[in-house]
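What follows is a single structure, written as structure tokens, with notes after it.
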Amino acid sequence: MKSGQRLMNLLKTRLPEILSKETDNQSSIYLYHIGEYWVAFEKSAYRLSRRYPQCNVCPLGLNDNSSRILMASMTGLELNGTLIKSDLDYKYLKDSITISIPDFFF
């Protein structure tokens with residue numbers, strides 16, 4: 001399955017959960033695996049773009065065409081290279097990564 005299809009499937013099946021997690025997000029970057037890319041949304045996307053300016057950031061239109069959410073993405077190679085070199089705490093799960101960002105970063 002291609003990354004675009006995986007993204008659409010992620011949004012279709014987990015969007016309410018993702019947005020709920022982002023509402024309470026104070027200091028983490030939540031990333032979701034969609035094939036070649038890892039994506040973050042809303043506050044996580046903002047933090048990802050601040051920490052890694054090379055990531056791609058874009059507004060993502062939802063089905064109702066009136067709502068947009070912020071999305072940032074990085075390839076797996078970019079992300080793995082930056083995580084290995086960083087001193088950040090992170091946790092891999094099956095299809096997601098949670099990176100803890102220190103308060104002083106922002």
Side-chain angles (χ1 to χ4, degrees):
M1 186 182 311
K2 294 187 178 191
S3 293
Q5 292 169 318
R6 289 179 185 219
L7 173 61
M8 297 312 292
N9 189 47
L10 175 69
L11 294 172
K12 186 176 183 180
T13 59
R14 296 184 63 190
L15 184 61
E17 169 197 339
I18 291 167
L19 294 179
S20 175
K21 192 183 280 190
E22 289 300 327
T23 299
D24 298 329
N25 184 359
Q26 296 300 315
S27 62
S28 297
I29 299 173
Y30 299 108
L31 292 147
Y32 304 90
H33 189 230
I34 58 164
E36 184 181 342
Y37 294 91
W38 288 86
V39 294
F41 301 96
E42 296 292 277
K43 293 177 183 176
S44 291
Y46 171 75
R47 289 189 183 102
L48 186 68
S49 70
R50 294 283 310 237
R51 180 76 186 191
Y52 306 109
Q54 73 271 26
C55 75
N56 296 311
V57 180
C58 67
L60 184 66
L62 300 178
N63 287 340
D64 63 7
N65 290 324
S66 64
S67 299
R68 294 192 185 278
I69 59 174
L70 186 64
M71 182 180 85
S73 64
M74 292 178 77
T75 67
L77 286 174
E78 290 172 323
L79 183 63
N80 287 335
T82 55
L83 284 178
I84 289 169
K85 295 175 193 171
S86 79
D87 58 350
L88 298 175
D89 290 332
Y90 61 93
K91 179 173 46 172
Y92 274 103
L93 300 175
K94 180 181 177 194
D95 62 350
S96 64
I97 298 174
T98 301
I99 303 171
S100 298
I101 302 294
D103 291 339
F104 64 83
F105 182 74
F106 300 102

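Residue Y37 qualifies as open at atom OH: its count of foreign heavy atoms under 6.0 Å is 12 or below.
The NZ atom of K2 lies 14.5 Å from the CG atom of L7; values are rounded to the nearest 0.5 Å. Atom-to-atom distance recorded for S49:OG and N56:CG is 11.0 Å, nearest 0.5 angstrom. With rounding to the nearest 0.5 angstrom, the OH atom of Y32 is 6.5 Å from the OG atom of S44. Note: F41 CZ to I18 CD1 = 5.0 Å, rounded to the nearest 0.5 Å. The distance from atom CG of L79 to atom CG of L48, rounded to the nearest 0.5 Å, is 7.5 Å. To the nearest 0.5 angstrom, R47 atom CZ is 13.0 Å from R51 atom CZ.
Considering all non-hydrogen atoms of both residues, P59 and R68 come closest at CB-CD, 4.0 Å. The minimum heavy-atom distance linking W38 with G76 is given by the pair CD1-CA, 3.7 Å.
At distances below 3.5 Å, at least one donor-acceptor pair connects side-chain atoms of S3 with backbone N or O atoms of I34. A donor-acceptor contact shorter than 3.5 Å is absent between the side chain of R6 and the backbone of H33. With hydrogens and angles disregarded, no donor-acceptor distance shorter than 3.5 Å links the side chain of E17 to the backbone of R14. N25 places a side-chain N or O within donor-acceptor distance of the main-chain N or O of S27, the cut-off being under 3.5 Å.
Between I69 and E22, every side-chain heavy-atom pair lies at or beyond the 4.5 Å cut-off.
Taking the side-chain hydrogen bond (donor to acceptor under 3.5 Å, both in side chains) definition, one finds that Q54 meets it with nothing, sequence neighbours left out.
Here salt bridge (charged side-chain N to carboxylate O under 4.0 Å, His left out) pairs that include residues 31-44, with residues two or more places apart or in two chains, number zero.
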